[in-house]
Amino acid sequence: MREKVKSIIDKYLKDKGYSLEYAIEYPKNERFGDYSTNFAMILGSKLKKNPREVANDFVNNLCTDIFNKIDIADPGFINFYIKKETFLKELLKIAKNKENYFKSKINKQKFIQVEFVSANPTGPLHVGHGRGAAIGDSIARILKFFGHKVEKEYYINDAGLQMELLGQSLYARYKQLLGIDDALPEDGYKGEYLIDIARELIVEYGENLLKMEESKVIEFCKNKASETILKDIMDTLEKFRVSFDKIFNEKHLYQSNEVEESLNLLKEKGVVYEKDGASWFKSTNFGDDKDRVLKRKNGAFTYFASDIAYHRNKFLKRGFDEVIDIWGSDHHGYVKRVKSAIEAMNIDSEKLKVILVQIVNLLRNGEKISMSTRKGEFVELENVINEVGVDAARFMFVSRSIDSHLDFDLELAKKQSNDNPVYYVQYAYARINSILNQLENETEVDLENVLNLKEKEEIDLIKSLIKFKDLLEKAFKERDPYFITKGLLGISEKFHRFYNKHKVIGSEKNIFKARLLLIKTVAVSLKLGFDLIGIEAKKRM
RNA sequence: GCCCCGAUAGCUCAGUAGGAUAGAGCACAGGAUUCCUAAUCCUGGUGCCGCAGGUUCGAAUCCUGCUCGGGGCACCA
């Protein structure tokens with residue numbers, strides 16, 4: 001619909017030989033029509049002409065019948081009032097095309113990777129990971145819906161010091177349980193979960209591990225701990241309806257020699273130099289604050305080095321057209337250097353989109369829950385899911401724009417009332433199904449029937465569906481599922497209003513048919529939105 | 001010290017590539033159900049858009065400086 005209006009304006013501009021950028025918006029106030037544009041003001045100032053004159057010329061040259069009226073308002077807005085019939089025809093179009101109505105065309109299919117969560121298997125996931133998971137998974141669903149080829153990936157840094165510490169920590173716990181006095185390494189992992197794993201070791205192996213060579217047993221503990229924890233992480237994610245196409249290990253980049261190759265590639269490009277016994281990447285050439293170390297004095301590669309290899313692998317080995325990395329906002333200092341490295345390898349850094357997810361504050365009845373490790377249990381994603389349910393959690397996580405802090409109140413997420421937006425939208429869907437359950441056969445509906453819709457609540461509801469299409473497109477283009485929740489709330493609000501004022505069952509036959517079509521179409525639209533953010537379309541509540 | 005993000009109603013947030021009287025939910029008060037689920041709907045008002053300048057027909061939005069909050073500035077991951 002919006003495109004229709006836009007194409008009319010574009011055609012006018014083209015005929016006149018102008019090209020300019022302008023806005024078409026939904027006016028905040030209903031009395032300014034259904035759509036409004038500022039192009040006359042922009043063109044007016046360009047041509048040094050009165051915007052009203054420009055607007056008048058546009059209106060006088062118009063030939064289309066989709067509008068009821070067109071107003072020119074000060075200081076030069078053009079307000080379009082769309083005919084009721086135009087909306088009703090649009091409703092038929094949605095009803096006919098179902099989900100496909102909401103898909104706008106893409107120029108070409110791209111092969112896109114979405115990499116998210118990527119938490120090291122050194123401990124359970126916390127709520128911050130949960131937000132990243134909900135966002136990443138939803139983005140992948142949205143991209144797929146619009147026709148792109150998508151691969152979801154989880155990256156594990158299993159080559160570094162952290163995993164070593166994990167192994168040592170587990171071994172220490174194991175010894176402690178056997179009554180041997182041993183302290184956790186400094187900066188070791190203190191969580192309870194390692195004690196549980198240590199117990200499993202005792203059940204399986206008794207005291208036998210003590211007989212092994214120290215380096216071997218730590219290696220063994222490292223693998224045991226990471227495998228166990230990774231499995232727990234994946235279980236939690238599965239429960240959260242998040243799955244991955246691939247788990248990628250940092251180790252692989254060393255085994256396949258890709259870290260070395262990447263370093264050589266950068267050397268060939270002349271952006272690596274030696275200083276103080278270390279190898280440095282000249283990232284300042286690409287706008288970074290300072291140069292970064294790739295290979296340390298002690299001969300070990302930095303995490304950054306393997307990350308360069310990883311991104312080279314994504315673009316050059318696997319050929320993604322676009323890569324979306326979803327990181328916690330505390331990693332933002334990292335963006336510049338990774339992009340620098342990508343550019344140094346002659347890859348268009350625009351192809352890498354790093355999405356930084358803002359932090360989550362977990363609240364209970366408005367009180368902030370401490371994030372300290374002592375109370376660590378509370379902030380575990382697993383516990384949150386168990387407490388409030390997957391639907392509420394996923395909805396909450398994507399219900400604010402990504403770069404906005406999120407206050408997540410556990411009590412609110414559980415409330416079964418209109419405070420809670422999750423139930424508000426799900427309830428709308430359930431109400432529709434409750435009506436449909438009481439009916440038997442499908443009825444054929446045509447324009448003739450639909451023309452019977454004339455109540456304000458009916459037209460408003462249709463408008464909310466049309467707007468949903470714009471919001472989906474926005475979610476797609478901005479790569480932010482937040483806009484879907486916005487659309488779902490909009491449709492639900494209009495539906496509840498309609499429902500309270502008008503009957504479907506028992507209304508006059510033609511009206512009944514038309515309303516039935518209307519609510520079925522609403523159900524299809526809601527269902528689509530639910531699917532895209534991974535929440536359940538409940539038929540009863 | 002340098003860099004990034006934020007600051008909008010009592011609270012949580014929108015504000016769509018500068019536009020019309022700055023919006024929504026919650027909270028608060030009152031009302032609606034003989035009838036498709038009241039987890040719903042209707043009616044009420046609230047703002048130095050952090051501060052100060054600038055750009056222009058027009059700024060919450062763009063520019064500059066400042067204040068406050070969060071985060072980042074390793075041969076850690």
Side-chain angles (χ1 to χ4, degrees), chain A residues 21-29 31-32 36-38 41-42 44-45 50-51 73-77 79 120 122 157 159-163 165 187 250 275-280 289-290 292-307 328-336 356 358-359 361 363 366 399-401 403-407 409 412 415-428 430-439 457 470-471 474 477-478 482-483 486 489-490 492-493 495-507 515 519 540-541:
Chain A
E21 297 189 340
Y22 59 91
I24 297 177
E25 44 185 15
Y26 293 98
K28 288 168 193 154
N29 194 316
R31 66 192 174 80
F32 295 130
S36 108
T37 178
N38 62 353
M41 286 183 282
I42 292 171
S45 72
N50 184 340
D74 283 322
F77 287 102
N79 297 326
N120 272 353
T122 53
N157 283 114
L161 183 71
Q162 293 309 311
M163 300 307 284
L165 271 174
D187 305 324
E250 183 186 10
K275 195 183 100 188
D276 303 332
S279 302
W280 296 71
D289 299 347
K290 51 182 97 168
R292 311 286 173 177
V293 172
L294 296 169
K295 195 174 190 176
R296 288 177 238 160
K297 195 163 34 181
N298 68 8
F301 286 103
T302 56
Y303 172 79
F304 180 45
S306 58
D307 225 28
S329 60
D330 53 340
H331 286 70
H332 79 84
Y334 215 77
V335 178
K336 191 78 208 175
L356 299 171
Q358 270 295 349
I359 56 161
N361 289 317
L363 312 175
S399 66
R400 298 267 180 266
S401 43
D403 50 12
S404 168
H405 290 219
L406 174 69
D407 280 353
D409 194 311
L412 174 64
K415 258 192 202 171
Q416 305 201 337
S417 75
N418 56 0
D419 303 6
N420 189 337
V422 192
Y423 289 98
Y424 188 82
V425 297
Q426 287 184 317
Y427 186 41
R431 276 183 150 176
I432 294 172
N433 277 285
S434 154
I435 297 172
L436 298 181
N437 277 341
Q438 295 171 50
L439 304 171
E457 290 77 13
D470 289 340
L471 285 166
K474 183 130 177 115
K477 283 196 172 144
E478 304 277 323
Y482 151 74
F483 294 101
K486 203 171 166 177
L489 287 166
S492 304
E493 180 198 339
F495 172 77
H496 286 308
R497 263 184 211 172
F498 160 80
Y499 182 93
N500 267 278
K501 194 147 179 197
H502 306 289
K503 291 282 151 206
V504 177
I505 295 171
S507 52
R515 286 184 179 161
I519 63 165
R540 308 177 56 90
M541 291 187 72

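Because the structure is a prediction, the values reported are computed rather than measured.
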Are R497(A) and U40(B) close enough that a side-chain N or O sits under 4.0 Å from OP1 or OP2? no

Regarding S306(A) and E250(A), is there a side-chain donor-to-acceptor distance under 3.5 Å anywhere? yes

Side-chain contact check for V504(A): nearest option of C75(B), G70(B), C36(B) is C36(B)

Side-chain N or O of S404(A) versus OP1/OP2 of G6(B): is the shortest distance under 4.0 Å? no

Counting heavy atoms from C-beta on, name the nucleotide in U40(B), A39(B), A20(B) closest to the side chain of Y423(A). A39(B)

Atom-to-atom span, NZ of K501(A) to C1' of C36(B) - whole angstrom: 18 Å

NA contact type, A23(A), heavy-atom cut-off 4.0 Å: base, sugar-phosphate, or nothing? nothing

May I ask you to check whether R400(A) and H405(A) show a side-chain donor-acceptor distance below 3.5 Å? no

To the nearest 0.5 Å, atom OH of Y482(A) lies from atom OG of S404(A) at 9.0 Å

Give me the distance, rounded to whole Å, that separates U8(B) from G72(B) when you measure between the P atoms they each carry. 23 Å

What is the ring orientation for H331(A) with Y334(A), classed by angle as parallel under 30°, tilted 30 to 60°, or perpendicular over 60°? perpendicular

Return the CG to CD distance between N157(A) and Q162(A), rounded to the nearest 0.5 Å. 9.0 Å

Given the P atoms of G45(B) and C2(B), what is the spacing between them in whole Å? 48 Å

Expressed in whole Å, how much space separates the P atoms belonging to C68(B) and A17(B)? 33 Å

Nearest-angstrom distance from the residue atom NE2 of H405(A) to P of C13(B): 9 Å

Between G23(B) and A60(B) - C1' atom distance, rounded Å: 12 Å

Classify K297(A) by what it touches in the nucleic acid, base, sugar-phosphate, or nothing, heavy-atom distance under 4.0 Å. base

May I ask you to decide if D407(A)'s main-chain N or O and N361(A)'s side chain share a donor-acceptor pair within less than 3.5 Å? no

Hey, does the side chain of R296(A) come within less than 4.0 Å of A74(B)'s phosphate (OP1/OP2), counting only N and O? no

Contiguous Watson-Crick or G-U pair runs (3 or more, under 3.5 Å) in RNA chain B: B:1-7 with B:67-73, B:10-13 with B:23-26, B:28-32 with B:40-44, B:50-54 with B:62-66

Output the rounded distance in Å from CZ (F32(A)) to C1' (A22(B)). 13 Å

dist L489(A):CG -> S399(A):OG (nearest 0.5 Å) comes out at 8.5 Å

Indicate, with a heavy-atom threshold strictly under 4.0 Å, whether E25(A) touches base, sugar-phosphate, or nothing. base

What's the CD-P distance between Q358(A) and C4(B), to the nearest Å? 15 Å

So, does the side chain of H332(A) form a donor-acceptor pair with the base of G72(B) at under 3.5 Å? no

Considering every strand and a 4.0 Å limit on heavy-atom distances, what is the contact class for R540(A): base, sugar-phosphate, or nothing? base

Closest to the side chain of K503(A), out of A38(B), A77(B), C35(B), is C35(B)

Atom CG of D330(A) and atom P of C73(B): how far apart are they, to the nearest Å? 8 Å

Take atom P in A74(B) and the same atom in C66(B), then report the distance between them in whole Å. 24 Å

For Y424(A) and A39(B), say yes or no: do the ring centres fall under 5.5 Å of each other while the ring planes differ by less than 30°? no

Side-chain ion pair, K501(A) and E457(A), N-O less than 4.0 Å: yes

C1' spacing across the pair A22(B) / A32(B), given as an integer number of angstrom: 31 Å

Counting heavy atoms from C-beta on, name the nucleotide in C75(B), C36(B), A77(B) closest to the side chain of Y303(A). A77(B)

Does S36(A) get its side chain close enough to the base of A20(B), under 3.5 Å, for a donor-acceptor pair? yes

Taken to the nearest whole Å, CG/D407(A) to P/G70(B) is 14 Å

Any donor-acceptor pair under 3.5 Å between the side chain of D307(A) and the base of A77(B)? no

If you look at every strand shown and take non-hydrogen atoms under 4.0 Å, does Y22(A) touch a base, only sugar-phosphate, or nothing? nothing

Rounded to the nearest 0.5 Å, the CG atom of N79(A) sits from the OG atom of S36(A) at a distance of 5.0 Å

